[in-house]
Amino acid sequence: MLDYTKKEAYERSGLKINPAKTCQPVGAMYAALGVHACMPHSHGSQGCCAFHRMFLTRHFKDPAMASSSSFTEGSSVFGGGSNLKTAAKNIFQIYDPKIIAVHTTCLSETIGDDLNALIQGIDIPDGKYMVHTNTPSYKGSHITGFSNMVASFIQYLSVSSGKTNGKTAIFPGFVNPGDMREIKRIAELMGVPYTMLPDTSGVMDSPMTGKFMLYPKGGTTVEEIIQLGDSTSSIAFGKFASEAPAEALSKKCRVNYDLLPLPIGIGRTDEYILALQKITKSEVPDQLEEERGQLVDILIDIHPYTYNKKVAVFGDPDTVLSIAEFLLEMGMLPKYLVTGTPGDAFEQAAEELFSKFGVVGCKAKAAGDLFELHQWIKEEGVDLLIGGTHGKYIARAEDIPFVRAGFPIIDRYIHSYLPLVGYKGGMRLAEMITNALMDRMDRDCAEEDFEMVM
Amino acid sequence: MLDYTKKEAYERSGLKINPAKTCQPVGAMYAALGVHACMPHSHGSQGCCAFHRMFLTRHFKDPAMASSSSFTEGSSVFGGGSNLKTAAKNIFQIYDPKIIAVHTTCLSETIGDDLNALIQGIDIPDGKYMVHTNTPSYKGSHITGFSNMVASFIQYLSVSSGKTNGKTAIFPGFVNPGDMREIKRIAELMGVPYTMLPDTSGVMDSPMTGKFMLYPKGGTTVEEIIQLGDSTSSIAFGKFASEAPAEALSKKCRVNYDLLPLPIGIGRTDEYILALQKITKSEVPDQLEEERGQLVDILIDIHPYTYNKKVAVFGDPDTVLSIAEFLLEMGMLPKYLVTGTPGDAFEQAAEELFSKFGVVGCKAKAAGDLFELHQWIKEEGVDLLIGGTHGKYIARAEDIPFVRAGFPIIDRYIHSYLPLVGYKGGMRLAEMITNALMDRMDRDCAEEDFEMVM
Amino acid sequence: MKTIHKVLEKYDSKVYKNRKEHMVEVGNNDNNNEIAANVRTIPGIITQRGCCYAGCKGVVLGPIKDAFLITHGPIGCAFYSWGTRRHKARKEEGEDNYLQYCFSTDLQESDIVFGGEKKLKQSIQEAVDLFHPSTIFICSTCPVGLIGDDIHAVAKWAEKEYGIKCIAFSCEGYKGVSQSAGHHIANNQLIRYVIGEGDREIKNKFSVNLLGEYNIGGDGWETERLLKRIGYEVVSTFTGGSSIEDLKNAHKANLSLVQCHRSINYIAEMIETKYGIPWMKVNFIGVDATMKTLRDIAKYFGDPELIARTEAVISEELLQIAEYMEYYRGKLKGKTAAIYVGGSRAHHYQALLKDLGVHTILAGYEFAHREDYEGREVLPFIKMDADNKNIESITVEPDIEKYHLYLSEEDLNRLREEKLIDYYEGMVKDMENGTFMVDDLNHYETEELLKALKPDIFFSGIKDKFVAQKSGILSRQLHSYDYSGPYCCFRGAINFARDVAMGIYTPAWSYVKAPWKTAPILEGTLGGEAVC
Amino acid sequence: MKTIHKVLEKYDSKVYKNRKEHMVEVGNNDNNNEIAANVRTIPGIITQRGCCYAGCKGVVLGPIKDAFLITHGPIGCAFYSWGTRRHKARKEEGEDNYLQYCFSTDLQESDIVFGGEKKLKQSIQEAVDLFHPSTIFICSTCPVGLIGDDIHAVAKWAEKEYGIKCIAFSCEGYKGVSQSAGHHIANNQLIRYVIGEGDREIKNKFSVNLLGEYNIGGDGWETERLLKRIGYEVVSTFTGGSSIEDLKNAHKANLSLVQCHRSINYIAEMIETKYGIPWMKVNFIGVDATMKTLRDIAKYFGDPELIARTEAVISEELLQIAEYMEYYRGKLKGKTAAIYVGGSRAHHYQALLKDLGVHTILAGYEFAHREDYEGREVLPFIKMDADNKNIESITVEPDIEKYHLYLSEEDLNRLREEKLIDYYEGMVKDMENGTFMVDDLNHYETEELLKALKPDIFFSGIKDKFVAQKSGILSRQLHSYDYSGPYCCFRGAINFARDVAMGIYTPAWSYVKAPWKTAPILEGTLGGEAVC
């Protein structure tokens, strides 16, 4: 398994091996799926759209519907304008969405299609919308694309009417529907009226009803996006995924925002609740306080199994950083943090985290890949690996317990329904981690050390 | 590991080997902990109380407070009346409970202490209560003890005032606090006012607050138990754990009851919701329907991994039966069902389940033990083992994936906070089962069969 | 035609006209079942098609275990095609296997602006340093073509610089109209730079190439097992589980077996032209189909002992599966299926379904050409359009040294006339009148046809799998076998039957409708009061 | 005494009077630190004590790996004591190990009414059929004594019927006042029926028994490793990880080392009386304590080479742990601890804590006797009460054949005078003035004393562990070592230090208070309007 990976360091500047990121458009597609009755549209070769739909479907085990401009060699030479025009006509005609959300691809970006101009030239039916975002695959990652798409919804649609509507805009970041549900549940418990954008709950974790719905019940409505301009404030989770939309809303409609880390773990969920409390100015309800206390209780109970355990975490930057802080709260050492997404902010934030908790010997890398992470692990081993499916090869090669968390998880089920965020998500993540470590103890120990009580 | 267990059948009538049950009093203690400000009291030798507290604490990782009559050899000869009298005095004096819930032990039962008479002779402070139940360890199991204690609360306390209070009495059975929370959440979503007895949520999964509370916030209050007599109806989960209290309430206060199976899986949660709907006569809310649809969706998605897989399940009778039905819903074969609790009803119910789903070659045994279950497994193997901690030896001996569910789980953490009941619990259980099976595939497959997508 | 009309109704005239040509009610049309295929998808239509890169890298080249395949472009294309097709390959002693790895030049904006060749060269150097591969493939993605990177020049440079084999594939995603273009491009380079280079000794005159078999779920291994059991030597498999060395020797076989006609027919033909080896369309999917295939192959070789051994093996394998086939046929008989897969399986699987008593009522290909539907007899009548013309079509000449005939020209011509070799009859001849054949079946049509035809099973891919299932119809992926397999030959038929039966009979289906949906609330309340 | 008074205040006069005798502020009392112990717990008081069965089966007999131990009674007692103490044992070649099993007669109502002997016999027959044990132990539970089952007669029957060893233990839960009664009963039967029966050849004159070491978390193994390293032969360990055969040979050693005085002192004394082997109270918990212990043992044997070897091993072991000890001392220095465990550890662990700079401010035993607190010099002054009188106290005579002295009577007497052998000084002498010593510390007192004394760590058992932790104080189980270990000798000290340090420094503690609890809501609303 991965026999070619050796521990000896080797500086690479060309080859990316076993990436920990993918390209912008898939993120934009996921974001657009979180808008109700929206057709995500990939402006490029149809293979992009197929790949992205495939990947989202494999992670969520639910249909990921999107259309494509189906570029041919001709369009690549002469520009994709007519493709987009035809596509828009057909999409509104056949699939009748409320809104088409176009994202570009490396193809249309390289040939320089001016989407603003193209869309202005399209005859959009009354009451329908068409927006776009630029998602060149050769910049950033799927997280950038997600962020760009959310920001573009706002830039296109949100309007400030001059008076606030008392709602808080919530930008959940690139998380699962189960996480979005949990973020909303907390806001509801705190009594904060909100609009979440995007909201893939009900879309990418939709129930079996015996009837396929091209546009399932979930998703932020266009009206809600428009009214985001009247939000009292906004909460943005994750610098990488959500700063851009929060900034866009701030710029366009003067809605102030709190940029928070993804609310995984105690401290980061606390931050979310404090931000909500700043809005309501009322007491935190017992239920949340109880959940918090339960999570603290659990972490104290499990500390003999987690303390000082070395963990490698890879995945999306906001997710990795928040999991890392939760690990630190559990007394674990987030030995290696790797994201494929580029951005110095990741490494800075990681360093701040290490020094906040006073841990040494941990390292973080943005724009990294799993080959290098694996080299690090070979150089100095870890007790646990956390990340998406692609980590399974390393886990098997090095015989390390592996907890699947983040995106993409394409070899397991059910994960997208259940949260990692919030105190409840913390219980779930703590259980996964503890079970992984304890199962390993039970597997590896001598027969006389196989314990009934642990 | 368990090297002495051989597959050859051997009829035993004396020796119990590796039991799948324990004795009545621990169940009574657990039930009493689900009453607010109640001191469970063990009338017997102090070792019983110590053992029970130890075991409950190990399962829940929370304090299990209870007192004992601390019999000496003298009390064993002359009866425990004076011990109980002294105990009551001291308990009210020092620990100031609202109510003392006495259960007997094999010791006090064998010497024939008449608890009714003894309690009548005790000077109970104003506004305080003292109740008892008989829990001879040599009959039934901890489930019987639980059931008896709950029934006794009703017999002692519940009063019909002549007019109903519009509430439904819910008897959750011997389940975790996480399950009780989920049962209550469903009732709340359905708009059914209820009193749950017992309710260990908030008691045995209490939050860390920095302050120990002898009587944590949770638990059914004595007032609520009294008012159970005015319930409009009652829902009792599990024939073994909850029929007796429902029957007691019916007899004493003429409250009709629905005896339902523990709501694990789709069909059995449906039954619960239909029973609630019978009360409200209104629509089932979208949220529950969505959760249900999600669970159905999940089961269809995972069926290639679950279908026809053979499973051995052991534990408490109501739990085992409901897990078995959920397994059948997943297309799995509940090959062996074993409970240590005696009672033909278990085997009957299992047979009905097998024939309802048209499966053959499955067998069930009440008053069984893990030695025999292990023999069966040696005779014909299974793909999965489900039960409490004590199954881990079999799982290791036979190298079978093992999902911990039920009581007791004394070698893992967090399980008691999260439900197995309801559609949400179904997602959790389905995830545990699927992960166990898929992890095993990933462990055992040849390198060339190690799959990125599953 | 009512069903098709009802589906087409929603389209505007332009789309209507276009799509009408792609939808055939078999035997019930004025056009002799002619179908439009291999033409561009209309923008905005939700097609399931992928791109040229997917066909080249994903389908044909991906399975070659020891080709160090660098995707030259932004990260996405490499990432999506990493481990996502189930082309299995064993690492054998002395062979490389890079399938657990994903290699990309991960082009950044500056590379797009200033050109990516430098980074590609750097990547090759790093690949050589870290992995010491004997062969490097370079696959380009959309922007590479546009910015004008000369990957072929880089390949030549690398061969010279490192003394390795390096082949470039200009398989930019926008080329052609589907994955099909990529197959062709891959075929071209393999015939140019790989096939014919080997000098492995072939010990057995009953030697075959297995073309268009990508070892999804282990199909290739099972087919090889069966062929070897009868007495064949499998010289090369294109390309499932193969090493470059295997492919290099393809010119030494005495017959090419073509499983997936669509993706590999170029190589099949060019091998024949260049090396004299005829090809035979085979089908190892389905019990009857496998028997027929084995007998056809034996007939080609014409050896009495081989023929006898073929019959003996068939009998033995049949015996092994008979009981199971009967069991599953009992479970599946009378069910109906719709199939929409790639460029071959929609045809192949009809045979297996028929074995199981399942009636295929709708079938379509994602990226096939007309001959895959109608048979190679339509080849002369297929019009080239701009999209197709852009895909290079190469011609080869006989290789005087390596050209060899197993049968006489006379015998070959006889077999050609019998359509035993060098012929594919297409799908439609195996479809019953009144069933439907649809090319490039798109999402809207899928939804409508599933509603109209109500098949019990929809065989397709991951993108539409859950569309079908949400509407209550079992769907199984026939691209990736839903992570099961093998499905081919005799034993595979049982795996397939088991998987389909479990899908249909899985109890969860019976819970789709909540009981409170069917049992009305007996009593209602109005304004807080009971009304009955 | 203010602290104690404050705690006692809540009690009514009767309880006050009783509990007052059990609570001592060391050096600050009129009673020369006298403490009440080994007396019954007042009913209703939430004691942490267990029963006679727990002491006999759970503590002393449970660890014997090849004793087929049948709990005769209803199911609970067997169930609770199945795998719940961490007395580890290896299965060695040719030895049985039943510790993964739990055996019970699971008495039912009819057995209680009609007697359980028949079922016990049946169970023994089944045990013999299925397991072929060489030794069966029968432990009775509460009702067995009451219904009058003669388990001793059954044991005799079994020995005759099956030619095996079978020993009955009348350890009904109601006997005595705590586990202590069970220790005594187990001790009696082991000296009666086991010790002295062996004929294993002892090869080394530096031969010792290790008494009162139950191998929790592997302590016994670590102690044995250390002793063997120095050059001792460990003849038997009572009873951690031992087989019956080991125990049978205890009479052949030249010295008995007593780790847990409380649970095994009966055997230690009777071995001396019967076989001439003196005993020495040792303590392998703590670095200094271990050093002293090793030197004491060497002194007893008086061999210069052994003494030199002892010093060499001490140096080496110290060197191995020095760096870690310093690290952890740095982390733990100045912390305070409360300890409430069994009958020995509350004393032993004070030594180890001291090594680490941790000050023990409260210590108590669950089931100790006065001598465990005050030293054996108080033995003559201890009054027997009804509860104690019921526990059989047996007397043994010298066994003429097997009696042997390693030292002369004269030397022995000298060592006795030096209190090197046959003496235990008790806990209190190691406690500083102003600290607290509490016997049978109950829940209420625990809660109050934790509040009053605010120790950083509370070492106790599972029942009160979470009581402490809920109030924000780290608690570690010293009965079961919280599933870690070994904690003894030099290496174990590091394990202990690591576990305590991680518990204290685990970051979760800093999250106990929610931030909104400390940072008040800056602005409030009243009646819907902002008030500031």
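A, B, ... follow the sequence lines: proteins, then strands. Residue 1 opens every chain. What you see is a predicted model, and the numbers here were worked out from it, not measured in a lab.
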Can you check whether [X] reaches [Y] side chain to side chain, under 4.5 Å on heavy atoms?
| X | Y | answer |
| --- | --- | --- |
| B:K16 | D:I75 | yes |
| D:L146 | B:S76 | yes |
| B:M65 | D:I46 | yes |
| B:H52 | D:Y80 | yes |
| B:I17 | D:E126 | no |
| D:S471 | B:M213 | no |

Residue part contacting chain D, namely of [X], when any heavy atom lies under 4.5 Å:
| X | answer |
| --- | --- |
| B:S45 | side chain |
| B:M1 | both |
| B:T389 | neither |
| B:D3 | both |
| B:K21 | both |
| B:S75 | neither |

- Task: Examine whether an atom of D:Y53 lies under 4.5 Å from a heavy atom of chain B, and if so say whether it belongs to the side chain, the backbone or both; otherwise answer neither.
- Result: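 Side chain only.
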- Task: Measure distances from D:Q477 to the heavy atoms of chain B and classify the residue's part below 4.5 Å as side chain, backbone, both or neither.
- Result: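 Side chain only.
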Quick check: does any side chain N or O of [X] sit under 3.5 Å from a backbone N or O of [Y], one acting as donor and the other as acceptor?
| X | Y | value |
| --- | --- | --- |
| D:Y101 | B:L2 | yes |
| D:S123 | B:L15 | yes |
| B:Q46 | D:V177 | yes |

For the residue pair [X] and [Y], confirm or rule out a side-chain donor-acceptor distance under 3.5 Å.
| X | Y | result |
| --- | --- | --- |
| B:S206 | D:K470 | yes |
| D:D129 | B:Y10 | yes |
| D:Q122 | B:R12 | no |

- Decide if the gap between the ring center of B:F71 and the ring center of D:Y174 is smaller than 6.0 angstrom.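 Between D:Y174 and B:F71, which both carry aromatic rings, the centre distance is not below 6.0 Å.
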- Item | Proximity of D:H443 and B:F212 rings by center, below 6.0 Å |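 Yes, the ring of D:H443 comes within the 6.0 Å limit of the ring of B:F212, centre to centre.
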- Item | Residue, of B:Y95, B:Y393, B:F55, that accumulates the most heavy atom pairs under 4.5 Å with chain D |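 The answer is B:Y95.
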- Message: Among B:S42, B:S67, B:G44, which residue has the highest count of heavy-atom pairs closer than 4.5 Å to chain D?
- Response: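 So the answer, after comparing B:S42, B:S67, B:G44, is B:S67.
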- Message: Under 4.0 Å between a side-chain nitrogen and a carboxylate oxygen: does that hold for D:E109 and B:K139?
- Response: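 Looking at D:E109 and B:K139, the cut-off is met.
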- So which bits of residues 84-94 of chain B come within less than 4.5 Å of chain D, counting non-hydrogen atoms only?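 The list, in residue order, reads B:T86, B:A87, B:K89, B:N90, B:I91, B:Q93, B:I94.
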- Fit a plane to each ring of B:Y4 and D:F131, take the angle between them on a 0 to 90° scale, and name the class: parallel (under 30°), tilted (30 to 60°) or perpendicular (over 60°).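 Tilted, since the angle between the ring planes falls between 30° and 60°.
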- When you look at NZ of D:K451, are more than 12 heavy atoms from neighbouring residues, nucleotides or ligands closer to it than 6.0 Å?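 Yes, NZ of D:K451 has more than 12 neighbouring heavy atoms, counting only those of other groups under 6.0 Å.
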